[in-house]
Protein chains: 2
Amino acid sequence: MHEVFFKKLNEAISLTGEEEAIFRTYLLPKKLRKKQYILQEGDVCKYSIFVEKGLLRSYTISDKGNDQIVQFAPEGWWISDMYSFITGEPARYNIDALEDAELVLISNPGMEELRKQVPKFLEFSFLQMRNAYIAFERRLSYMVNLTTEEKYTKLVQTSPDIVQRVPQHMIASYLGLTPETLSRARKQMSNRK
Amino acid sequence: MHEVFFKKLNEAISLTGEEEAIFRTYLLPKKLRKKQYILQEGDVCKYSIFVEKGLLRSYTISDKGNDQIVQFAPEGWWISDMYSFITGEPARYNIDALEDAELVLISNPGMEELRKQVPKFLEFSFLQMRNAYIAFERRLSYMVNLTTEEKYTKLVQTSPDIVQRVPQHMIASYLGLTPETLSRARKQMSNRK
DNA sequence: GGTATGCGTTGACATTTATCAATGGTATTT
DNA sequence: AAATACCATTGATAAATGTCAACGCATACC
């Protein structure tokens with residue numbers, strides 16, 4: 001149980017058996033079927049979610065009804081509405097499953113305890129957060145500086161797996177484009193080469 | 001010396017005199033004149049920069065020659081090219097002073113030592129990073145979902161000081177707009193009200 | 001005091017992207 | 001096996017934004 005979770009953790013910080021035992025008391029397993037929600041906008045995000053298996057996404061719905069995908073989370077990734085998770089404010093994001101999924105949930109108090117009781121986990125959390133920060137910073141600059149074609153090409157390079165597993169209109173949403181625009185850009189590209 | 005630095009730190013984690021002494025051995029003060037660079041694209045970002053006084057910005061220059069401002073850093077804020085800082089790879093960003101500035105620099109080894117020797121600082125770094133992450137995540141969704149006018153209004157609400165201190169074309173760059181588009185949006189808004 | 005530079009605005013026009021609508025194909029459901 | 005939902009593509013058109021150029025104003029510089 002929770003093999004992927006501990007594998008990922010041990011890659012970064014090797015846990016002793018004792019520490020692993022502490023972790024286990026805070027882990028909440030959960031299965032999610034395709035299309036099921038684990039978080040809906042307006043509710044409080046009570047859990048930080050680790051994906052053991054399957055694929056989740058977080059997304060917002062704007063006033064005009066456009067939705068934008070904030071993040072995809074395949075096996076081994078974390079996902080949540082971080083702001084809601086730490087403040088208890090209503091969530092801005094929806095999170096649901098794009099494929100049947102197995103999850104590990106940890107509450108915010110659980111996280112705090114783990115960071116306290118297992119100092120290595122604080123270190124881990126810091127590094128995680130730093131990487132997430134870098135990724136978003138970069139994504140922001142791509143969003144502004146790249147053309148439609150470049151955005152798509154970049155994503156294919158960096159996350160070919162996601163591009164394959166996810167319908168194209170969701171890729172468009174993630175890139176901040178309409179499905180039509182992405183479709184046309186892809187056609188342009190294939191005509192040229 | 002370094003009053004703002006320790007004030008900010010003590011707001012979050014109260015340091016003992018001993019801990020403060022440890023910090024002081026890793027701090028490198030530096031003054032920067034308006035328009036001077038502290039980091040240029042292609043160089044390695046050797047320091048994490050805390051702004052005691054003045055105003056810095058980080059920005060990228062794209063292939064097409066457009067520049068985009070990634071971040072403004074007024075007093076009390078941190079700035080760096082995080083990726084370059086931790087990996088030693090060449091920086092993607094330029095960082096320069098928009099106003100005469102006084103800085104506190106810490107190297108990456110310095111940071112690592114401080115996180116080790118002062119565990120509270122690791123906690124602090126984690127929380128910092130988490131906030132920075134949330135800010136960028138939000139900014140990304142604003143970038144995609146908001147109209148030009150909404151982007152500007154939102155920035156005026158959240159950072160009125162920055163909007164006042166910085167030329168308008170830099171605000172436009174930060175928001176991912178051309179100066180012309182921002183100028184016209186502002187005119188629209190003032191006509192309406 | 002005069003010149004150069006930086007900045008915001010405006011106009012005309014080009015380009016990109018979004019929107020709306022229709023179609024055909026594929027997968028899913030019953 | 002038929003019906004339904006989902007999805008990618010395409011065309012026509014509208015809307016938003018970028019680009020290029022010119023101007024006026026203020027400030028900094030010599």
Taking any heavy-atom pair under 4.0 Å as a contact, classify B:Arg184: base, sugar-phosphate, or nothing.
base

So B:Thr147, base contact, sugar-phosphate only, or nothing? Heavy-atom distance under 4.0 Å.
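The answer is nothing, as B:Thr147 stays clear of every strand by at least 4.0 Å.
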
Is there a side-chain contact between [X] and the phosphate of [N], meaning an N or O under 4.0 Å from OP1 or OP2?
X        : N      : answer
B:Gln168 : C:dG6  : no
B:Lys187 : C:dT9  : no
B:Thr181 : D:dG18 : yes
A:His169 : D:dC6  : no
A:Thr178 : C:dT19 : no

Check step by step if side chain to side chain donor-acceptor pair (under 3.5 Å) holds for A:Tyr93 and B:Glu137.
CA-CA 11 Å; A:Tyr93 297 161; B:Glu137 201 183 72; 2.8 Å; yes

Cation-aromatic face contact B:Arg57/B:Tyr59, 6.0 Å, 45 degrees:
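Here B:Arg57 passes the 6.0 Å and 45° test against B:Tyr59.
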
Roughly how far, to the nearest 0.5 Å, is the CG atom of A:Leu127 from the CE atom of B:Met129?
9.0 Å

Among the nucleotides [options], which one has an atom lying closest to any side-chain atom of [X]?
X        : options                : answer
A:Ser183 : C:dG8, C:dT17, D:dT9   : D:dT9
A:Glu180 : D:dC20, C:dT17, C:dA21 : C:dA21
A:Lys35  : D:dC6, C:dT17, C:dT10  : D:dC6

When the distance from [atom1] of [X] to [atom2] of [N] is rounded to whole Å, what number comes out?
X        : N      : atom1 : atom2 : result
A:Arg186 : D:dC7  : CZ    : P     : 15 Å
A:Met189 : D:dT9  : CE    : P     : 12 Å
B:Leu98  : C:dC7  : CG    : P     : 10 Å
A:Arg33  : C:dT29 : CZ    : C1'   : 15 Å
A:Lys34  : C:dT28 : NZ    : C1'   : 9 Å
B:Tyr152 : D:dT17 : OH    : P     : 16 Å
A:Asn66  : C:dA18 : CG    : P     : 9 Å
A:Leu177 : C:dT19 : CG    : C1'   : 15 Å

Among B:Phe136, B:Tyr83, B:Tyr133, exactly one meets ring pair (Phe, Tyr, Trp, His ring centres under 6.0 Å) together with A:Phe136. Which residue is that?
B:Tyr133

Donor on one side chain, acceptor on other, B:Tyr152 and B:Arg186, under 3.5 Å
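On atom types as modelled, these side chains qualify, holding a pair under 3.5 Å.
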
